[in-house]
Each structure stands twice: as C-alpha cells, then as structure tokens.
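Down below is the structure, laid out as structure tokens.
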Amino acid sequence: MTDASKDAVDAVDAITAQWHAVRPDLDTDPMAVFGRIYRIAKANGDAMEETYGRYGISRGEFDVVATLRRSGAPYTLSPRQLSATLMLTTGGMTGRLDKLEKAGLLCRKPDPHDRRGLQVTITERGLTLIDEAVTAGLVTQRDALAGLAEDEVETLTGLLRKLLSGMP
C-alpha cells in the first residue's frame, strides 16, 4: 500500500467516523471492509453493464452466453444446467433465453436424449460477440485495478478468496 492510499479518506471512512462519534463502543472494522466491497462491486457492476451494453447485451445476458462459451464445444447446455450455474429461476432464465434467441446469439432445440428437454446452443454470431465482450470486460476490470501493483492484486485476490471461502 502506498503512503498516499494510507492517508486517503473516502466515504466509508466518513461513515465509520460518524458511527465512532455516536457509538465509540462499536468495532466498525467489518463495516469498513464490507462497505468498500459493496461500493467496489456496485461501481464495477455499473462499468460492466456499460461495457456489455456496447454489444447490445446486459450483464445478465452476458452471463448466459458466457456460460455457454466457457462450457466448451459444442457450447450446449440445458436450460436447467444454465439456471443452476447462474442461480436463476426457470422463469428468469426463460426471459433471458427468449431475448438472446431473438437477437440471434443462441438457439434452442429439442434434446435428442430427452424428448421433454431442450438444449441451448450458442450461435456463430453469439460466439463472436461473447469473445469480443469478454475481452472488453477484462479491459474494464483491468482498468479498475490499475491503481494496484501486481503483487497487491495477487494479495487482494488471496484475501478475497479466503474471505469468500469462510462465508456461510
């Protein structure tokens, strides 16, 4: 951490200072950590929404097409597999699939192994779009980390992994 970042005061510092003034008995360290995580997630989420919007998709729609892409060839999953991976209800998934199919980014067809089931497959157009969008998204995220040194990014990644693994 640089000397400048140690001395910097942000909105979370102001909030915790206010709590300390009225409730000096409270340990506001957790508030300082999670307040910043929330603000970082919100700012990054907004930036990613803007980035993916340039490709005509929302973050949620990106997640569907990206899940198909990272599943590997033939880039096909069932709606149930997609719902489970993305933690979406079937109704929420249906709406996204409808929009993405209409945009020509994926197609649904009967599952040859299950007469009642469907398979969702990314189209060539969807494959091209997701490869461009994921690259642009990584640039946006890299830009957000530009104020950190490479070793600081590694340390932060490890600390966040540790924090997440301890969450209920």
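All figures in this text were calculated on a predicted structure; none of them were measured in a lab. Both backbone and side-chain heavy atoms feed into the values below; hydrogens, waters and symmetry mates do not.
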Derivation of the side-chain contact (heavy atoms from CB on, under 4.5 Å) call for L127 and E124: CA-CA 5 Å; L127 191 61; E124 284 299 319; 4.2 Å; yes
Trace of the side-chain contact (heavy atoms from CB on, under 4.5 Å) decision for L68 with Q81: CA-CA 10 Å; L68 289 167; Q81 289 171 309; over 6 Å; no
Under 3.5 Å: donor-acceptor pair, side chain of D46, backbone of A43: no
Check: E61 side chain, L100 main-chain N or O, donor-acceptor pair, under 3.5 Å: no
Heavy-atom side-chain contact between T51 and V139 under 4.5 Å: no
Worked verdict on L105 versus V64 for side-chain contact (heavy atoms from CB on, under 4.5 Å): CA-CA 10 Å; L105 302 178; V64 172; over 6 Å; no
Side chain R69, main chain I130, donor-acceptor under 3.5 Å: no
Whether T123 side chain and G104 backbone form a donor-acceptor pair below 3.5 Å: yes
Inter-residue atom distance L159.CG - L164.CG, 0.5 Å rounding: 12.5 Å
Close side-chain approach of R115 to P110, heavy-atom, < 4.5 Å: no
Cluster overlap L145 with L163, hydrophobic side-chain contacts below 4.5 Å: yes
Value rounded to 0.5 Å, distance of CG in L106 from OG1 in T121: 8.5 Å
Single-linkage hydrophobic cluster, 4.5 Å side-chain cutoff, L156 and V33 together: yes
Residue pair M93 / V120, side-chain heavy-atom distance below 4.5 Å: no
Flag if over 12 foreign heavy atoms under 6.0 Å of CZ, R142: no
Test item: L97 and L82 side chains (from C-beta on) under 4.5 Å apart, heavy atoms: yes
Exam field: side chain R80 to backbone G117, donor-acceptor pair closer than 3.5 Å: no
CE-CG distance between M87 and D63, expressed to the nearest 0.5 angstrom: 9.5 Å
Inter-residue atom distance R36.CZ - I15.CD1, 0.5 Å rounding: 9.5 Å
Polar side-chain atom of T28 near backbone of M31 as donor-acceptor pair, under 3.5 Å: no
Flag side-chain contact, heavy atom, 4.5 Å: V153 against T157: yes
Side chain T128, main chain R125, donor-acceptor under 3.5 Å: no
Pairwise side-chain contact, E154 with L148, heavy-atom cut-off 4.5 Å (strictly under): no
Minimum heavy-atom distance R54-A136, with the two atoms named: NH2-CB, 4.1 Å
Minimum heavy-atom distance between G92 and T89, given as atom pair plus value: N-OG1, 3.0 Å
Min side-chain heavy-atom separation T67-L86 under 4.5 Å: yes
Salt bridge flag under 4.0 Å for residues R39 and D10: no
Residue pair P112 / Q119, side-chain heavy-atom distance below 4.5 Å: yes
From S58 atom OG to K99 atom NZ, the distance as rounded to the nearest 0.5 Å: 5.5 Å
Minimum heavy-atom distance D13-T16, with the two atoms named: O-OG1, 3.1 Å
Listed once per pair and sorted, the ring-ring contact (aromatic ring centres under 6.0 Å, His included) pairs that draw on residues 21-71, sequence neighbours left out: Y52-F62
Residue E50 excluded, over 12 heavy atoms near CD under 6.0 Å: no
